Amino acid sequence: MLVTLEPVSRTMAGPAIRCLELGKQLAGHMPVTLATPVPVAEDMVLPSPSPSLTIRTGLSRTDMYSEAMKHDVLVIQSNVLKPFPRLSELGKYLAVDLYDPYLFAVLVQYKDDPAAASASYRLMHKILEKHMIACDFSMCASEIQRDYWLGRFCAIGRLNPAMYGFDPSLRKLIDVVPFGLGDGESEPRRTGEGKGMKGCIEGIAKDDRVLIWGGGIWDWFDPLTVIEAVGRVSAKLPAVKLFFMGWKSPNPKVEVMGMAKKARALASELGILDRHVFFGSDWIPYEDRVDYLLDADIAVSAHFDLPETRYSFRTRILDYLWCGLPVLSTGGDPLSIEIEQEGAGRALDYGDVRGWADAIEKLLTDDGEMSRCREASRALSSRYRWEKTSKALLEFCLDPYHLPDYEPVTMPSLLERARAVYSRGGKDLVLKRSREILTDLFR
């Protein structure tokens with residue numbers, strides 16, 4: 001049973017997409033339930049993609065626990081124990097998905113509200129700790145993320161001699177399960193005529209050259225640099241357009257973020273809103289996203305120089321690769337670095353408007369470069385198929401285990417320290433120190 005707190009429907013953000021796609025992979029080997037407490041309107045219900053995968057939405061706390069009792073393995077995202085704490089107390093095998101480094105996002109999201117920042121950070125810190133202590137297996141999205149989480153496991157005392165004895169590689173504690181792509185298809189295919197951007201969105205003609213921003217505009221992203229660069233390029237290339245697929249989250253509990261408002265305001269201030277820069281009014285349905293991606297000429301993603309950048313895994317970029325798009329992205333995260341190394345695009349400096357403008361113009365005016373990037377993008381996509389990326393989770397679900405019990409770290413007693421020194425060959429040192437202590441006691 002996989003549990004997310006996001007809506008599972010025809011319009012989904014990254015966490016729900018990840019749960020759905022992992023559920024599809026597991027359903028090829030066992031019955032799977034995907035559960036969320038978020039209700040879904042009748043016209044937005046997502047049909048199950050597999051007879052072995054059941055999707056349940058709008059579950060109450062009682063229903064969630066009742067459903068969990070029917071399953072052997074629970075796979076939860078790392079905020080689920082906040083509303084459903086008993087999921088860790090049912091004696092089930094528990095896998096926790098740590099692919100999103102929440103704490104760094106919280107620091108950015110509440111930077112202008114110190115009280116909210118403090119409360120949200122401390123709350124998320126304790127929630128994450130609860131998940132990390134309770135898990136029997138955990139997963140993240142990249143090796144650099146795994147280094148970060150191993151540090152946290154060590155700091156809370158979960159990585160101890162008993163755990164090392166259980167598995168010296170620590171892969172049974174935490175392993176890498178990157179985001180995947182492609183729905184198992186070798187080639188992306190349009191869902192139908194009259195969908196997408198070119199000739200479908202007012203202001204974007206069929207022969208325009210379109211840059212696509214494939215997802216939401218969160219506060220840790222930098223759409224402003226891209227908008228400004230497009231404004232510069234449009235003076236030379238009037239057919240250049242930039243389309244943002246997401247304006248606000250499909251989760252009704254997530255408000256429109258300040259950066260989304262700043263992006264629209266900047267486009268308006270530059271006089272290019274609805275002329276060269278366009279914002280999708282609604283979240284694009286998951287099954288329709290391919291029509292928008294196949295209409296694009298270049299895919300973009302930009303962010304700031306933050307810890308969130310270093311430890312993030314830009315899931316939207318995988319869709320870019322799936323559709324063979326050249327990718328322009330700010331550098332600093334593992335995926336953008338890999339894209340530049342493989343020739344699938346460029347990793348640009350933070351806030352470098354001129355660099356962005358030059359890179360956009362270069363791709364749009366150099367057919368050879370465009371073709372080379374497209375070919376490299378498609379080649380790179382083969383590394384990130386869901387059937388490959390989900391392997392570590394599938395192995396745990398097929399042969400689950402419980403990790404050694406967690407014990408809070410305490411200062412060892414004098415006797416324990418003496419025994420430790422003695423076991424390392426420090427017999428004379430122990431005897432000497434013991435005589436000193438006894439002398440002090442009876443002096």
Side-chain angles (χ1 to χ4, degrees), residues 1-6 8 15-16 18-38 48 50-100 102 124 126-141 149 152-153 156-160 162-163 166-167 170-177 389-408:
M1 175 176 168
L2 297 99
V3 185
T4 179
L5 301 186
E6 289 286 316
V8 179
R18 183 169 168 88
C19 258
L20 175 66
E21 296 296 346
L22 288 173
K24 286 182 187 179
Q25 296 303 315
L26 298 178
H29 302 266
M30 64 198 75
V32 175
T33 299
L34 171 52
T36 176
V38 183
S48 176
S50 164
S52 298
L53 176 59
T54 301
I55 299 175
R56 297 203 58 192
T57 62
L59 269 64
S60 66
R61 184 171 293 183
T62 299
D63 290 339
M64 187 70 78
Y65 291 142
S66 176
E67 186 65 40
M69 287 302 297
K70 302 173 187 176
H71 295 76
D72 301 300
V73 180
L74 305 181
V75 182
I76 65 174
Q77 293 182 331
S78 55
N79 52 0
V80 168
L81 293 182
K82 180 177 181 287
F84 302 106
R86 284 189 52 220
L87 289 178
S88 66
E89 302 166 5
L90 302 178
K92 306 295 181 177
Y93 297 104
L94 186 67
V96 172
D97 193 353
L98 299 171
Y99 93 99
D100 190 339
Y102 284 100
M124 198 65 227
K126 299 307 291 184
I127 290 171
L128 282 171
E129 188 173 283
K130 182 177 179 67
H131 286 73
M132 294 166 71
I133 289 172
C135 71
D136 291 306
F137 172 73
S138 60
M139 53 189 172
C140 58
W149 288 113
R152 292 212 65 199
F153 274 118
I156 65 174
R158 194 73 173 96
L159 201 169
N160 54 25
M163 185 68 70
F166 183 74
D167 173 29
L170 303 175
R171 293 283 170 184
K172 289 188 174 182
L173 171 64
I174 182 166
D175 208 343
V176 177
V177 177
T389 61
S390 61
K391 183 180 177 182
L393 176 62
L394 175 60
E395 289 177 350
F396 172 77
C397 291
L398 289 173
D399 187 18
Y401 48 80
H402 290 300
L403 292 177
D405 290 340
Y406 169 73
E407 295 183 6

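Remember, predicted model here, so these are calculated numbers, not experimental data.
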Which residues share a side chain to side chain contact (heavy atoms under 4.5 Å, CB included) with [X], sequence neighbours left out:
X    : result
P404 : A162, M163, F166
K126 : E129
M69  : L90, K92
T4   : E6, V8, P15, C19, L34, T36, Q77

Applying side-chain hydrogen bond (donor to acceptor under 3.5 Å, both in side chains), can you list everything that pairs with [X], at least two apart in sequence or on another chain?
X    : result
S60  : D63
H29  : none
R171 : E143, D175
R158 : none

How about [X] and [Y]: do any of their side-chain heavy atoms sit closer than 4.5 Å?
X    : Y    : result
L20  : I55  : yes
T389 : Q25  : no
L22  : V177 : yes
M132 : Y406 : no
P83  : L5   : yes
Y99  : M139 : no
L2   : L26  : yes

- Keeping to residues at least two apart or across chains, list the salt bridge (Lys or Arg N to Asp or Glu O under 4.0 Å) pairs with something in residues 392-407.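 Not a single pair qualifies under salt bridge (Lys or Arg N to Asp or Glu O under 4.0 Å).
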
- Query: Under the salt bridge (Lys or Arg N to Asp or Glu O under 4.0 Å) rule, what pairs show up with a residue in residues 69-82, not counting sequence neighbours?
  - Reply: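 Passing the test, one end in residues 69-82: E67-K70.
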
Quick one: closest heavy-atom pair of [X] and [Y], and the distance?
X    : Y    : result
S88  : L94  : CB-CD2, 4.1 Å
L170 : L159 : CD1-CD1, 3.5 Å
M124 : S78  : CE-O, 3.4 Å
K130 : L81  : CG-CD1, 4.0 Å
A68  : L87  : CB-CD2, 3.6 Å

With rounding to the nearest 0.5 Å, note down the distance linking [atom1] in [X] to [atom2] in [Y].
X    : Y    : atom1 : atom2 : value
C140 : D100 : SG    : CG    : 12.0 Å
R86  : M64  : CZ    : CE    : 13.0 Å
S390 : K24  : OG    : NZ    : 12.0 Å

- Task: Sort and list the pairs that fulfil ring pair (Phe, Tyr, Trp, His ring centres under 6.0 Å) and have at least one residue in residues 58-88, not counting sequence neighbours.
- Result: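 Listed by first then second residue: nothing to list.
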
- Query: S48 side chain to L53 main-chain N or O, any donor-acceptor pair under 3.5 Å?
  - Reply: yes

- Message: Whether the side chain of W149 engages the backbone of L98 through a donor-acceptor N/O pair (distance < 3.5 Å, no angle test) should be reported.
- Response: yes

- With F396 via ring pair (Phe, Tyr, Trp, His ring centres under 6.0 Å) - residues at least two apart: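 Partners of F396 under the ring pair (Phe, Tyr, Trp, His ring centres under 6.0 Å) test: F137, Y401.
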
- Verdict with supporting geometry, D167 and L403, side-chain contact (heavy atoms from CB on, under 4.5 Å): CA-CA 10 Å; D167 173 29; L403 292 177; over 6 Å; no

- Query: Applying the side chain to side chain contact (heavy atoms under 4.5 Å, CB included) test to V96, which of I76, L128, V75 qualifies?
  - Reply: I76

